[in-house]
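Before any comments, here is the structure.
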Amino acid sequence: MHIFDSVQKTKRKFTPLEEGKVTLYVCGPTVYDDAHLGHAKSALVFDLLTRVLEANGYTVTYARNITDIDDKIIKKAIEQKKDIKEITDFYTDAFHTEMQAIGVKRPTLEPKATQSLEAMYALVQQLLDKGHAYQTTDGDVYFDTASDSKYLSLSHRIQNEEDKQERVESSSFKRNSADFALWKSVKDDSVTFESPFGAGRPGWHLECSAMIEKHLAYKDREFAIDIHGGGADLLFPHHENEAAQTRCATNHALANYWMHNGFVNIDGEKMSKSLGNSFFLKDALKEYDGEVLRFYLLSTHYRSDFNFNTEDLMHSKKRLDRLYRLKKRLFGLAQNEQETAFSKALLETLNDDMNVSTALALIDEMISGANETLDTAGKHKQLKRETMANLTYIEKLLGFGLKNPFEYFQFGVDSATKEQIDALIAKRNEAKKAKDFALSDSIRDEILAFNVNLMDTPQGTFWEKI
RNA sequence: GGUGCCAUCGCCAAGUGGUAAGGCCGCAGCCUGCAAAGCUGCUAUCCCCAGUUCAAAUCUGGGUGGCACCUCCA
């Protein structure tokens, strides 16, 4: 397996720190608002990564944190006159529900900041003891970036000389403008935590380093964990700072491999609150099947930026439809776990830095081939068995095709409408039987008005929501 | 201003030195009472210029055009 390391900027062969095991940490959401498509993309990318790793026989310990201490959360709680926990629980639950809808499996661990404070204190103390951090007169604890010769080695940034010299005056007592807060002293606020450094709140970057040490880290290895992931925007400053903290506080580097997924833009523009174009997952799920969203968001390479638009989404749906139509043709046949030439090829291409595009091309070719044989040799037992094995493998590895194919094609149609359609189909079939094609065609027009497609097959007449 | 990424058919998108995957759309045909679905066939020389090489979409240099990060951010 090869993965692109965004720090070394090259595709590297993946070798775990410990034989047969993989430790993976991905920066999760700050739970103060609904998840948008970008959160979905990131979660999907690393969900796929764990599936591919597992398919290669690795036991994966995957941690994705929940940031439930944050100024934005506090702000929202004050605005809505609610308890912090009420806010964070609400959005955490929503996040879980939405992730499930797009087929993202729960990580092995979901550590919360509120449950990791002791680990954070320990890390800050280590940094203070080793002279990599300092506390200002007003109580803040900062990381001393000048004390870390490897600072900026992750993001390959060049320290600006002017910045370096600059002494930030005003309220801050930072030695260097690049220094970042490990602990923010807060005195005039109800939401504080009592630490050895006084009352306050932890810095954002601290949380991830602390959780990794607490839950995942190998103590005696060159690297704390195998893979660290997150969105491309996190490389700097978040991951740079995490890496600095861990490097300076402990005797190992943070991660052997760094993976960053590309951004989701909406109609060519970055999603942002100020532009007012945030596309929330919960809204997308009202319009589209979660699996269609999964398929669409995963359909291009994870490192590329992704430009979301509904036209392309519908193209992806049509592609997934092909998979489900084949499932429909083979409906009722037993699942099959056997290895096939197809399953080997599929894993092989995904092993190459998760080349999903080529994987999808393989799937399309497999579908066409199966349909062709089914068209010409209907009772091809061996082919059917093999195709079932292929479909089963796609479900497991990519999470596509998990639903009942008939239900999949009826997404968003209420039961009353379904009954109407079924009644009309029965009427039309009678007309067809009587060879009254004028009547059957007029009934078909009635059915099509429900925005569905009709298809007559040897197994009967089926309809699909367009 | 600093750092970095990208530019492949009408659209989406792989391929990163050996002669252009796949999907959508379109056209023709098979199948069908007619459709739909399915199948078959057809449809690009890879932004521009120069260079390296037996050989480049793929490497180098220079353009042009997009974009991201440098502040919270998936």
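A, B, ... follow the sequence lines: proteins, then strands. Residue 1 opens every chain.
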Assign [X] to base, sugar-phosphate, or nothing according to its heavy-atom contacts below 4.0 angstrom with the strands shown.
X	result
A:Glu464	nothing
A:Leu454	base
A:Val26	nothing
A:Phe263	base
A:Gly231	sugar-phosphate
A:His260	nothing
A:Arg64	nothing
A:Lys435	nothing
A:Ser357	base
A:Ser368	sugar-phosphate
A:Asn453	sugar-phosphate

I need the [atom1]-[atom2] distance between [X] and [N], as an integer number of Å.
X	N	atom1	atom2	value
A:Asp441	B:rC34	CG	P	11 Å
A:Leu362	B:rG15	CG	C1'	13 Å
A:His239	B:rA74	NE2	P	10 Å
A:Phe295	B:rA13	CZ	P	14 Å
A:Glu372	B:rC31	CD	P	16 Å
A:Tyr324	B:rG23	OH	C1'	18 Å
A:Phe180	B:rC70	CZ	P	16 Å
A:Leu360	B:rC12	CG	P	17 Å

>> If you define the side chain from C-beta out and look only at heavy atoms, does anything of A:His39 sit under 4.5 Å from A:Leu281?
In response: no
> Is there a side-chain contact between A:Leu53 and A:Met1, using heavy atoms and a 4.5 Å cut-off?
Replying inline: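 Sidechains of A:Met1 and A:Leu53: in contact.
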Side chain of [X] - closest among [options]:
X	options	value
A:Arg325	B:rC39, B:rA37, B:rA14	B:rA37
A:Arg157	B:rG2, B:rC34, B:rA74	B:rG2
A:Asp364	B:rG22, B:rC72, B:rA74	B:rG22
A:Asp305	B:rG22, B:rG33, B:rC67	B:rC67
A:Ser42	B:rA74, B:rA14, B:rC39	B:rA74
A:Thr358	B:rA74, B:rG22, B:rA14	B:rA14
A:Asp312	B:rC11, B:rG33, B:rG38	B:rC11
A:Thr300	B:rA13, B:rC11, B:rC39	B:rA13
A:Thr30	B:rG33, B:rA74, B:rG22	B:rA74
A:Phe236	B:rC70, B:rA74, B:rC39	B:rC70

Give a yes or no on whether a donor-acceptor pair under 3.5 Å exists between the nucleobase atoms of [N], that is its base, and the side chain of [X].
X	N	result
A:Arg444	B:rA36	no
A:Asn355	B:rG15	no
A:Arg319	B:rC24	no

> Is the charged tip of A:Arg319 near the ring of A:Phe295: under 6.0 Å from the six-membered ring centre and within 45° of its axis?
Replying inline: no
Tell me which nucleotide, if any, is Watson-Crick or G-U wobble paired with [N] when both distances must be under 3.5 Å.
N	value
B:rC5	B:rG66
B:rA28	B:rU40
B:rA21	none
B:rC59	B:rG51

With a 4.0 Å cutoff (strictly under), does any side-chain N or O of [X] reach OP1 or OP2 of [N]?
X	N	result
A:Asn371	B:rC39	yes
A:His315	B:rC24	no
A:Lys318	B:rC25	yes

Looking only at atom [atom1], what distance separates [N] and [M], rounded to whole Å?
N	M	atom1	value
B:rC9	B:rG26	C1'	12 Å
B:rG15	B:rG65	C1'	23 Å
B:rC59	B:rG17	C1'	8 Å
B:rU16	B:rA7	P	13 Å
B:rG41	B:rG23	P	11 Å
B:rC39	B:rC48	C1'	42 Å
B:rC34	B:rC24	C1'	26 Å
B:rG61	B:rU53	C1'	16 Å

Output yes when [X] and [Y] qualify as a salt bridge under the 4.0 Å nitrogen-oxygen rule, no when they do not.
X	Y	answer
A:Asp70	A:Lys76	no
A:Lys418	A:Asp422	no
A:Lys286	A:Asp283	yes

Centroid-centroid under 6.0 Å between [X] and [Y] rings:
X	Y	answer
A:Tyr296	A:Phe306	yes
A:His228	A:Tyr25	yes
A:Phe462	A:Phe409	no
A:Tyr62	A:Phe46	no

> Relative to the 5' end of RNA chain B, which residue comes earlier, A:His156 or A:His205, by the nucleotide with the nearest heavy atom?
Replying inline: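 The answer here is A:His156.
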> Starting at the 5' end of RNA chain B, which residue's closest nucleotide do you reach first, A:Ser299 or A:Asp321?
Replying inline: A:Ser299
